[in-house]
Amino acid sequence: MKRLSRQKVLSLFAGYLKAQGFKEGTIRTRKAHLTPFFTFLDETAAKDIRDVKRSDIVSFLSWLQEHPGERGRGYKDSTRMSIFTSVKKFYLCLYENNLVLSSPAETVRFGKRQERLKEILSEEETCQFLDSIDIHQPLGLRDRALFELIYSSGLRSSEAARLDVKDYDPDSRLLWIHQSKFSKDRRVPVTKAAAWFLDKYLEGVKASHRPLILSGGYRFTHGGINKRFKLLLERAGLYREGLSPHSLRHGCASQLLAHGAEIRYVQELLGHESVETTVVYSRQSEENIKASYRQFHPRENFHFAEVTDSYLDSLENLVRDSLRQREKNRKALARKIGK
């Protein structure tokens, strides 16, 4: 049987993802995820794509854990999970196009899925970060408007970069998000604070088709927003590994849920395809509550150390004394009734 051309199946895979509504950047990433899988097949299994069995997928996951990767640093758990997800989707594509009889990855599990959020800023840190942006400095008003907007409406940085002036309605304080993830459109509200800075930034602007937020006269890029965010974080003394503009989106969701917002409304705000994606933020909120509980409840934290053996002995004596007194009262009441 003639081997399948990898170039052709990659092209087929790209078309498959595009039909499902994935953006070009995501498609490139998914295709790149297949590179270590193909390397594994060449170095270890030496098999055609169609001959891969479930045991090969399991071996690939072990290989991936030990392989140094292109940069020689090894793959993080989250990266290995993403690669595995791409391989599963790849074989689903082959199956739906009748190139394999079944997917060898279908019943393979990546161990216990860890639904972890990326690093987020707390509510206090978010306010500290936004308030640290001096609007009287060059680019200060633009930066404040940009990051207030991302936090206000739970935007992806790519969504903020694609916004035009015409997508913002200052009267109703609403934003139109066009062709976002999964090619979905949505309309989201803007807080009064974000609207104030944005209106100030847009004073005198009449060209409705120009980008909403500019960088050197041009449209901001996703990378440009990320770079600016980290620079401002460092200035505010809040930088730590793992923070990105997406942390503001995560923070928006987590804090809305913590303050009692219904999960389905948060799902619509963020443009999540499935409510299960939004549930992760709810779990994060629960974890924060439990962490706070453990820290401050006197029976959970170090204050509970005062409950020593002598304390417990005295507590038992108190209980015994209470029972004796109750028995005396019962007998006294019985004698009184008997008379």
Side-chain angles (χ1 to χ4, degrees), residues 6-39 49 57 60-61 64 69-71 75-97 103 105-106 110 113-120 150 153-163 167 175-186 188 211 219-227 229 242-250 252-253 267-281:
R6 290 179 183 175
Q7 186 176 357
K8 287 184 179 179
V9 291
L10 283 174
S11 178
L12 178 69
F13 186 45
Y16 175 79
L17 294 174
K18 188 171 184 179
Q20 289 192 329
F22 287 95
K23 294 293 180 184
E24 288 299 325
T26 305
I27 293 172
R28 284 195 298 271
T29 301
R30 293 291 189 195
K31 288 171 66 179
H33 282 162
L34 295 178
T35 300
F37 178 61
F38 291 157
T39 301
I49 295 167
I57 301 295
F60 169 62
L61 290 178
L64 200 60
E70 291 182 2
R71 299 181 183 179
Y75 296 103
K76 296 180 181 177
D77 287 347
S78 57
T79 305
R80 288 190 292 114
M81 179 66 182
S82 297
I83 292 172
F84 175 58
T85 301
S86 296
V87 171
K88 287 190 76 171
K89 193 167 284 292
F90 172 67
Y91 271 102
L92 188 60
C93 164
L94 297 184
Y95 172 72
E96 292 185 5
N97 283 276
S103 169
E106 185 177 1
F110 185 77
R113 183 177 177 181
Q114 297 179 344
E115 295 181 274
R116 296 177 301 157
L117 286 174
K118 291 183 178 179
E119 187 74 31
I120 69 171
I150 290 175
S153 307
L155 302 180
R156 300 176 177 93
S157 54
S158 57
E159 293 170 346
R162 286 199 305 270
L163 287 170
D167 298 323
L175 275 177
W176 275 106
I177 311 296
H178 299 286
Q179 292 292 294
S180 188
K181 200 170 183 180
F182 303 109
S183 299
K184 293 174 68 174
D185 295 346
R186 70 185 192 278
V188 297
R219 186 180 297 279
F220 241 125
T221 63
H222 165 75
I225 293 176
N226 185 54
K227 186 176 180 180
F229 177 74
L243 287 173
S244 71
H246 223 61
S247 303
L248 294 176
R249 173 175 160 88
H250 289 316
C252 171
Q267 178 192 0
E268 290 178 14
L269 175 71
L270 300 184
H272 283 158
E273 184 79 358
S274 167
V275 73
E276 284 303 311
T277 310
T278 319
V279 165
V280 179
Y281 298 105

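Throughout, numbering of the chain's residues begins at 1 and tracks the sequence.
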**Student:** Quick one: are L155 and L270 in side-chain contact, heavy atoms under 4.5 Å?
**Tutor:**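 SC-SC contact between L155 and L270 ruled out.
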**Student:** With S86, which residues qualify under side-chain hydrogen bond (donor to acceptor under 3.5 Å, both in side chains), at least two apart?
**Tutor:**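 side-chain hydrogen bond (donor to acceptor under 3.5 Å, both in side chains) check on S86 returns R30, H33.
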**Student:** Please name all residues satisfying side-chain contact (heavy atoms from CB on, under 4.5 Å) with Q7, sequence neighbours left out, ordered by chain then number.
**Tutor:**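 Once residues adjacent in sequence are excluded, the partners of Q7 under the side-chain contact (heavy atoms from CB on, under 4.5 Å) criterion are S5.
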**Student:** Kindly indicate whether the side chain of E159, heavy atoms from C-beta on, has any atom under 4.5 Å from the side chain of H178.
**Tutor:**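 No; the side chains remain at least 4.5 Å from each other.
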**Student:** With sequence neighbours left out, what residues match R219 under salt bridge (charged side-chain N to carboxylate O under 4.0 Å, His left out)?
**Tutor:**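 Here the qualifying residues are D164.
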**Student:** With the side chain counted from C-beta on, respond yes when R249 and R156 share a heavy-atom pair under 4.5 Å apart, and no when they do not.
**Tutor:**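 Sidechains of R156 and R249: in contact.
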**Student:** Which residues satisfy the side-chain contact (heavy atoms from CB on, under 4.5 Å) test with E96, sequence neighbours excluded?
**Tutor:**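 In terms of side-chain contact (heavy atoms from CB on, under 4.5 Å), with neighbours along the sequence ignored, E96 is linked to Y16, L92.
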**Student:** With rounding to the nearest 0.5 Å, note down the distance linking OG in S157 to CZ in R162.
**Tutor:**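 That separation rounds to 9.5 Å.
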**Student:** Would you say the side-chain atoms of R186 pair up with the backbone N or O of L269, donor to acceptor, closer than 3.5 Å?
**Tutor:**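 Yes; judged by distance alone, with no hydrogens or angles, the pair exists.
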**Student:** Which residues pass the side-chain hydrogen bond (donor to acceptor under 3.5 Å, both in side chains) test with S153, sequence neighbours left out?
**Tutor:**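 side-chain hydrogen bond (donor to acceptor under 3.5 Å, both in side chains) list for S153, sorted by chain: empty.
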**Student:** With heavy-atom distances below 4.5 Å as the criterion, would you say the side chains of P36 and I83 are in contact?
**Tutor:**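 Touching, per the 4.5 Å side-chain cut-off.
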**Student:** Taking atom NZ of K23 and atom CG of L17, what is their separation to the nearest 0.5 Å?
**Tutor:**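 Rounded to the nearest 0.5 Å, the NZ-CG separation comes out at 13.5 Å.
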**Student:** Just to verify, what does T39 make a side-chain contact (heavy atoms from CB on, under 4.5 Å) with, not counting sequence neighbours?
**Tutor:**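 Listed in chain order: T35, E43, W63.
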**Student:** Excluding sequence neighbours, so at least two apart, what forms side-chain contact (heavy atoms from CB on, under 4.5 Å) with A161?
**Tutor:**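 A161 satisfies side-chain contact (heavy atoms from CB on, under 4.5 Å) with I225 once adjacent residues are dropped.
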**Student:** Side chains of Q20 and K89: does their closest heavy-atom pair fall under 4.5 Å?
**Tutor:**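 They are in contact (side-chain heavy atoms under 4.5 Å apart), so the answer is yes.
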**Student:** A side-chain contact here means heavy atoms from C-beta on lying under 4.5 Å apart; do I49 and V9 qualify?
**Tutor:**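 A side-chain contact under 4.5 Å exists here.
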**Student:** Distance from L248 atom CG to H250 atom NE2, nearest 0.5 Å?
**Tutor:**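 One finds 10.0 Å between CG of L248 and NE2 of H250.
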**Student:** Applying ring pair (Phe, Tyr, Trp, His ring centres under 6.0 Å), can you list everything that pairs with F90, at least two apart in sequence or on another chain?
**Tutor:**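 Ring pair (Phe, Tyr, Trp, His ring centres under 6.0 Å) check on F90 returns F13.
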**Student:** What's the separation between atom CG in L12 and atom CG in L94, rounded to the nearest 0.5 Å?
**Tutor:**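 Result: 7.0 Å between the selected atoms.
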**Student:** Taking side-chain hydrogen bond (donor to acceptor under 3.5 Å, both in side chains) as the definition, give me every residue that meets it alongside R6, ordered by chain and number, with sequence neighbours left out.
**Tutor:**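 So R6 forms a side-chain hydrogen bond (donor to acceptor under 3.5 Å, both in side chains) with D42.
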**Student:** Indicate the atoms forming the closest heavy-atom contact of A14 with K31, along with that distance.
**Tutor:**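 For A14 and K31, the tightest heavy-atom pair comes out as CB-CD, 4.0 Å.
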**Student:** Would you say that T29 contacts S82 through its side chain, given a criterion of any heavy-atom pair below 4.5 Å between the two side chains?
**Tutor:**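 When only atoms from C-beta onward are counted, S82 and T29 do not touch, as no gap falls below 4.5 Å.
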**Student:** Answer yes if the side chains of S158 and H222 hold a donor-acceptor pair under 3.5 Å, and no otherwise.
**Tutor:**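 No donor-acceptor contact under 3.5 Å links the two side chains.
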**Student:** Below 4.5 Å, heavy atoms only, C-beta onward: do F229 and I150 meet side chain to side chain?
**Tutor:**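 No, side chains not in contact.
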